[in-house]
Each structure stands twice: as C-alpha cells, then as structure tokens.
Amino acid sequence: MIKPVVVANWKMFKTPSESVEFVDRLKNKILDWERVKIILCAPYTSLFEMGNSLMGDGRIDLGAQNIHWESEGAFTGEISAAMLQACGVEWVIVGHSERRVLFGESDEDVCRKVMTAIEEGLSVIFCVGETIQERKAGKTSLVLGEQLGTLLAKLTEDQLRKLLIAYEPIWAIGTGLNATSEQIAETHHILRRIIEKTFPSAASQVAIQYGGSVNQGNCKELSEVSEVNGFLIGGASLDVDQFGEIVKTITEVKNR
Ligand code: PEP
C-alpha cells in the first residue's frame, strides 16, 4: 500500500510567525503520524523559521512552492535548490497551474525545474491538470499525456522515486467545485497508465494525489476513491483545525 500523503500549499499566505504557529499547533494534534506523510509547502519567507521549528521532529516535511532550474546566477527574485535545502526543505511543488497559467511556465520550463530539483536532492510534487475547455473537448488524456509524458521521458527509474504526482484539474482549484469521485478515479487511472508506459514495473509505487477544492466536508468521500493516494490542498490547508481533520480522515480511510 502507498502511504497517504497530504500536502498543504499555502500559496501567498502566512507570515513567518503565522506559519510557525500553525506548525506548533499541528504538532500538538493527535494524529496517526506513522501512517501518513504530511508536507507543508510555505512561502519562502517562512521556510527558515519553520525549518528550525521542525528540526528533529521527523513527523512533518517542509516544502517550497517553486525553484529555479539553475544552481546559482544572475536571476533576480529567483531561488535555488541549495537555498531551499539550507532552510530544511525536502520537497518542492513544480508545475502548479497557477505558475503555468499566471507566470507562463511551459512544459519545458517545468521539466528543467524538476530535473534540477531531483539532481540536487529534493523530491518533487509534480502537478498536472486540464482546463474545463480541454475536459469538455475530450482532451484530458492528451493534455495529461503531454504534461507528464514529457517529464517521464527524461527520468530514470531512480529519479521517478523522488516524484509525487498531483492531479489538479484547473477548473477545480480554488473554485469550491471539486471533481467527482468518478472523474478522479478515471483520471488517476489514466495517469497510472501513462507512467506504466515508461516505467512498467515502478509505476504502481508512484503516489498520485488529487487536488482541487478538497475540504473537511468532501475529504471522506474523496478518500474512499481507491485510486487517490493523497491530497494537495490549498485554501483548506490554511486553517490548522480543518487541515488536521482532513489528515485524520484520509489516514483512517486508507488504513482501514
Ligand atoms: C492548490 O492550490 O493546489 C489547490 C488545490 O487549491 P484549493 O484546495 O484551494 O482548490
């Protein structure tokens, strides 16, 4: 069984003190820590203090929301793998639709970021997903095949182990309109087949998360979808009590 993974993507929310307060409150929650992986992806300015607060804890991993593909250089406003690692970061989100759509990141940019992150020792939460127009036009598999296939062609099987896939239909992110259990099951199945094409034996070990308006109210039903190995949560991850309840729910459902 793949251990369930729950990722918080705080986007451009929370100051360092608010972030550390969240960590302190989460640490005090009664969760089945051994049976779930929790990753908090915070703004850059919070990472150093969160890293200090998590040092030696071992139950919660720290993640960033972006990375540059070069190791260093004249790239104003960018951040490198080594800078993130110095704060205790082990994970980075790459390919989030907000970066693809709002900041113009292409499949090629995204692949370069993943390769650098992995080569420098980070693990990657790789986001893929279709627009509503693409879904309505029956192009979901094609779009996911391009987004994921382009990357898989560059990876070795060892590197694949550093990858977690997040299926995030763009129309479900921040809209309050989650994909249905049937849509998620079908799409995760498609993603698993895409991975199998390049990595027939390792594909079953790759965790595929769902992201898009997951909250306390719908997380039980979505956890029941056997193809779902975890969640990537935006809005609902900002509240530690709601986040804790979602973690508790998926842990219980997946370990039944
Ligand atoms: C996200 O930011 O990846 C996300 C899924 O956001 P939300 O949960 O708010 O839809």
Side-chain angles (χ1 to χ4, degrees), residues 4-14 18-19 22 26 36-44 46-47 61-67 89 91-105 107 109-110 113-114 117 123-132 134-135 140 143-144 147-148 151 163-181 183-185 187-188 191 207-223 225 227-250:
V5 194
V6 186
V7 178
N9 175 19
W10 288 347
K11 314 192 188 202
M12 202 171 71
F13 293 98
K14 292 196 188 292
E18 289 165 346
S19 305
F22 183 109
L26 186 62
V36 65
K37 179 174 264 309
I38 299 173
I39 307 168
L40 302 181
C41 297
Y44 298 140
S46 293
L47 295 174
D61 286 2
L62 190 56
Q65 302 170 19
N66 192 15
I67 186 175
V89 168
W91 293 85
V92 62
I93 297 174
V94 180
H96 193 283
S97 61
E98 285 157 15
R99 296 226 49 97
R100 291 179 190 262
V101 176
L102 303 175
F103 299 97
E105 290 188 9
D107 280 342
D109 296 337
V110 162
K113 289 182 176 206
V114 174
S123 295
V124 172
I125 300 146
F126 184 66
C127 302
V128 294
E130 78 288 358
T131 62
I132 193 67
E134 287 163 343
R135 176 161 279 271
T140 302
V143 170
L144 299 179
Q147 291 174 342
L148 188 54
L151 174 66
L163 202 69
L164 201 160
I165 313 280
Y167 168 53
E168 297 215 302
I170 296 174
W171 46 274
I173 298 178
T175 58
L177 181 77
N178 60 280
T180 64
S181 298
Q183 288 170 325
I184 298 170
T187 315
H188 281 217
L191 288 168
I208 306 180
Q209 303 180 293
Y210 167 73
S213 298
V214 175
N215 59 41
Q216 205 172 335
N218 59 23
C219 66
K220 180 153 189 309
E221 185 188 338
L222 300 178
S223 300
V225 179
E227 288 82 356
V228 168
N229 306 123
F231 295 132
L232 174 45
I233 310 168
S237 74
L238 294 169
D239 178 80
V240 70
D241 293 325
Q242 176 157 204
F243 183 70
E245 284 309 309
I246 298 171
V247 170
K248 209 175 268 181
T249 302
I250 191 167

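Everything numeric in this text was worked out from a predicted model, so none of it was measured. Counting starts at 1 for both ligands and their atoms, following the listed order.
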Checklist line | Side chain proximity check, E168 to N9, heavy atoms < 4.5 angstrom | finding: no
Note to self: If the condition is side-chain hydrogen bond (donor to acceptor under 3.5 Å, both in side chains), which residues does S223 pass it with, not counting sequence neighbours?
What the structure shows: none
Margin query: If the condition is side-chain hydrogen bond (donor to acceptor under 3.5 Å, both in side chains), which residues does W10 pass it with, not counting sequence neighbours?
Written below: none
Next item on the list: Report all protein residues having a heavy-atom distance below 4.0 Å to some atom of ligand 1; order the list by chain, then number.
Entry: N9, K11, H96, E168, A172, I173, G174, G211, G212, S213, L232, I233, G234, G235
Notebook entry, point to check: How long is the gap from NZ on K220 to CD on E245, to the nearest 0.5 Å?
Noted result: 13.5 Å
Checklist line | Passing option when W91 is tested against V5, L62, V124, I125 for side chain to side chain contact (heavy atoms under 4.5 Å, CB included) | finding: I125
Item checked: S181: side-chain hydrogen bond (donor to acceptor under 3.5 Å, both in side chains) partners, not counting sequence neighbours -> E221
